[in-house]
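Taking it in order: structure first as structure tokens, then the write-up.
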Amino acid sequence: QVQLVESGGGLVQAGGSLRLSCEVSGRTFSRYGMGWFRQAPGKEREFVATISRSGGIINYVDSVKGRFTISRDNAKNTVYLQMNSVKPEDTAIYYCAAHLDGMPVTTARRYELWGRGTQVTVSS
């Protein structure tokens, strides 16, 4: 089965930056819509950003607009989340996910493939 592996998480100070990566195995990555989701302790999983198969359609949750940027490199089978001006409330486990029909949907249940997540902790 296709595997998704997130990396780049860690501890960062408020106002700093972090770049998350998600590498996807297989030869069909360019067909997938990709999304980033996050989940903090005691909270529901939250949509963060999504990008269409070609990169032409992008959506963000309001709380990260202007601070986070999602992008993809189909030649590297990788989707990225550049996190700038991070805030303590950004602290969560961040997951990448793939929607196999290529649509950049924002509903988690529409995504068929998931990574195991990477922890992002923002200190005050």
Determine which pairs satisfy ring-ring contact (aromatic ring centres under 6.0 Å, His included) with at least one residue from residues 94-124, sequence neighbours left out, and list them in order. Phe37-Tyr111, Phe37-Trp114, His99-Tyr111
How long is the span from the NZ atom in Lys87 to the OG atom in Ser63, to the nearest 0.5 Å? 8.0 Å
Mind checking whether Ile58 and Met83 sit in one hydrophobic cluster, side chains of I, L, V, M, F, W, Y counted as touching below 4.5 Å? yes
When every non-hydrogen atom of Pro88 is compared with those of Ser124, the smallest separation belongs to CG-OG, 3.7 Å
If you round to the nearest 0.5 Å, how far is CD of Gln82 from CG of Leu18? 8.0 Å
Looking at Gly26, is its backbone amide N or carbonyl O close enough to the side chain of Asn77 to form a donor-acceptor pair, meaning the two atoms are under 3.5 Å apart? yes
Between Arg72 (side chain) and Ser52 (backbone), is there a donor-acceptor pair under 3.5 Å? yes
Between Ser17 and Asn84, the two heavy atoms sitting closest are OG-OD1, 2.9 Å
Are Tyr60 and Thr69 packed together at the side-chain level, in the sense that at least one heavy-atom pair is separated by less than 4.5 angstrom? yes
Against Leu20, only a single residue in Val79, Val48, Leu81 fulfils side chain to side chain contact (heavy atoms under 4.5 Å, CB included); can you say which? Leu81
Only pairs at least two apart or in different chains count here, so list each salt bridge (Lys or Arg N to Asp or Glu O under 4.0 Å) that has a residue in residues 41-51. Arg38-Glu46
Would you say Leu113 and Tyr80 are hydrophobically clustered, going by side-chain heavy atoms of ILVMFWY under 4.5 Å? no
Across all chains, not counting sequence neighbours, the salt bridge (charged side-chain N to carboxylate O under 4.0 Å, His left out) partners of Arg67 are Asp90
Could you tell me if the side chain of Pro104 sits less than 4.5 Å from the side chain of Ile51, heavy atoms only? no
Closest non-hydrogen atom pair between Ala98 and Met34, with its separation: CB-SD, 3.6 Å
Residues pairing under disulfide bond (SG atoms under 2.5 Å apart) where one sits in residues 84-124, two or more places apart or in two chains, turn out to be Cys22-Cys96
When you group the ILVMFWY residues by side-chain heavy-atom contacts below 4.5 Å and let the links chain together, are Phe29 and Leu4 in the same group? yes
Taking C-beta and beyond as the side chain, do Val86 and Gln13 meet within less than 4.5 Å on heavy atoms? no
Between the CD atom in Gln119 and the CG atom in Leu11, the distance rounded to the nearest 0.5 Å is 10.0 Å
State plainly whether one hydrophobic cluster holds both Trp36 and Val5, where clusters connect Ile, Leu, Val, Met, Phe, Trp and Tyr through side-chain heavy atoms under 4.5 angstrom apart. no
Any side-chain heavy atom of Val105 within less than 4.5 Å of one from Thr50? no
Enumerate the residue pairs fulfilling salt bridge (Lys or Arg N to Asp or Glu O under 4.0 Å) with a member in residues 105-124, sequence neighbours excluded, ordered by first and then second residue. none
Name all pairs fulfilling the salt bridge (Lys or Arg N to Asp or Glu O under 4.0 Å) condition that reach into residues 9-36, sequence neighbours left out, sorted by first residue then second. none
